[in-house]
Amino acid sequence: MTDGYAERVRRLSALRGCDTVLSGARPPSVVEQLDTIRAAASDELLPDFYGEGGAVEAVERRVADLLGTEAAAFFPSGTMAQQVAMRYGAEVTGRSAVGLHPLSHPLVHERDAYAVLGGLRAVLTTAAPRNPTAEEVAALDEPVGTLLLELPLRDAGFVLPTWDELVAVVGAARNRGARVHLDGARIWESTVHLGRSLAEIAALADTVYVSFYKSLGGHAGAVLAGPADLVRYARAWRHRYGGTVFQQWPAALAALAGLDRELPRLAGYVGHAKVVAAALAGLPGARVYPAPPHTHQFRLWLPHPAGALNDANLALAEEEKAWFVGGWQDTEVPGLAMAEVTVAGPATELDADQVVELGGRFLRRVRTA
Ligand SMILES: Cc1ncc(COP(=O)(O)O)c(C=O)c1O
């Protein structure tokens with residue numbers, strides 16, 4: 001076991017033992033996850049076979065219905081699904097360039113797979129910490145085959161455009177002959193800020209990728225949704241990338257459970273995130289962004305080193321069974337750290353006063369450390 005994994009296990013065990021959790025959710029054990037997928041299965045359900053049938057097909061149908069697309073293909077990861085979507089865009093337009101935000105997942109977290117494996121080239125859409133505007137896309141120096149929009153843009157603070165801005169940027173991409181792909185890893189909770197249904201949002205784009213293990217709490221896995229011809233292509237390339245796995249029913253059942261259980265709750269989390277963010281913004285030296293949050297996730301800054309904040313959070317969890325916020329990272333400003341806050345089920349049990357009280361207890365530990 002690496003030191004990093006041992007530390008992670010310590011944090012997860014502490015979080016599981018907490019009576020109060022502000023950010024995130026208590027991680028289920030493997031046995032609890034088995035119970036969840038058992039409950040999502042029926043006695044007649046047979047295992048899928050290399051991507052066909054069973055729970056995998058059920059998730060594909062469910063997502064295609066929710067997004068209003070002709071078809072959908074299950075993938076082991078979003079990293080793989082999006083490479084296929086970008087490759088498709090390049091093949092049908094004859095343009096190997098992809099419009100990507102410098103903070104987008106393919107550019108920050110995928111070891112340049114789109115370029116190294118896909119032979120594609122990035123054209124940066126904007127330097128601003130948000131998805132590009134219609135004007136920025138209209139003014140791109142080079143034509144792109146696909147414009148990828150990440151909804152919400154996680155590494156900029158889970159920020160979304162407004163609906164009108166989204167419609168406009170999609171129009172600008174089309175005017176330039178580009179296809180539009182949505183990185184919808186967190187599209188589920190984006191409906192609230194955009195004020196539109198999943199199907200209305202998906203209808204703007206040519207292809208949409210969704211994830212099951214972020215807001216929905218599944219095991220892993222993704223779906224790439226769009227027209228039937230794209231999905232046939234996606235199945236062929238999924239095979240080449242090694243993603244047509246013999247059986248994927250555990251991940252598919254967990255995805256179905258997440259769609260049943262968490263999807264209907266997300267709008268409530270988004271509403272409560274506004275209450276939590278406002279309460280946190282009142283802590284000494286705190287900043288939150290965006291204010292109010294666009295989804296149930298946002299960024300929080302506190303004027304302390306990340307190490308001190310992580311230590312205080314772990315001590316609070318282990319000694320008082322209360323979890324404030326974990327995952328602090330130092331910023332460019334010495335002594336100022338940032339963390340992502342996720343308002344999920346456990347945080348809905350806390351009102352603004354309780355958030356402030358918990359924050360006060362947390363900060364006292366930081367100061368006395
Ligand atoms: C915005 C976004 N896109 C894509 C991915 C890739 O998903 P996966 O981990 O399934 O490859 C992630 C994962 O964190 C993500 O946050």
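Counting convention: from 1, in listed order, for ligands and their atoms alike.
- Backbone and side-chain nitrogen or oxygen atoms of Gly78 are examined, and one is located within less than 3.5 angstrom of a nitrogen or oxygen of ligand 1.
- Proximity to Gln82 (heavy-atom distance under 4.0 Å) selects the following atoms of ligand 1: 3 (N), 4 (C).
- Under 4.0 Å is where a charged nitrogen must lie from a carboxylate oxygen, and between Arg95 and Glu142 no such pair does.
- Electrostatic pairing of Arg130 and Glu165 does not count as a salt bridge here, judged by no charged N lying under 4.0 Å from a carboxylate O.
- The protein heavy atom nearest to atom 11 (O) of ligand 1 is Thr79 OG1, 2.6 Å.
- Heavy-atom contacts of Arg186 reach the following atoms of ligand 1: 1 (C), 15 (C), 16 (O) (cutoff under 4.0 Å).
- Atoms of ligand 1 lying under 4.0 Å from at least one heavy atom of Lys214, given by number and element, are 7 (O), 12 (C), 13 (C), 14 (O), 15 (C), 16 (O).
- Heavy atoms of Ser77 found under 4.0 angstrom from ligand 1 belong to the backbone as well as the side chain.
- The ring of Phe298 has its center no closer than 6.0 angstrom to the ring center of Tyr289.
- Taking a cut-off of under 4.0 Å to the non-hydrogen atoms of Glu150, the atoms of ligand 1 that pass are 1 (C).
- A salt bridge is defined here as a Lys NZ or Arg NE, NH1 or NH2 lying under 4.0 Å from an Asp or Glu carboxylate O, and Arg121 with Asp112 fails to meet this definition.
- Between the side chains of His181 and Gln82, at least one donor N or O sits under 3.5 Å from an acceptor N or O.
- Atom 7 (O) of ligand 1 has its closest protein heavy atom at Tyr209 OH, 3.2 Å.
- Ring geometry, Tyr233 versus Trp237: the interplanar angle falls from 30° to 60°, so the pair is classed tilted.
- Ser215 and Arg186 share no side-chain donor-acceptor pair at under 3.5 Å.
- Taking a cut-off of under 4.0 Å to the non-hydrogen atoms of Tyr213, the atoms of ligand 1 that pass are 7 (O), 8 (P), 9 (O), 10 (O), 13 (C), 14 (O).
- Classification of Lys214 and Glu189 as a salt-bridged pair fails, no side-chain N sitting under 4.0 Å from a carboxylate O.
- In Asp183, the part holding a heavy atom less than 4.0 Å from any atom of ligand 1 is the side chain.
- The protein heavy-atom contact nearest to atom 6 (C) of ligand 1 is His105 CE1, 3.4 Å.
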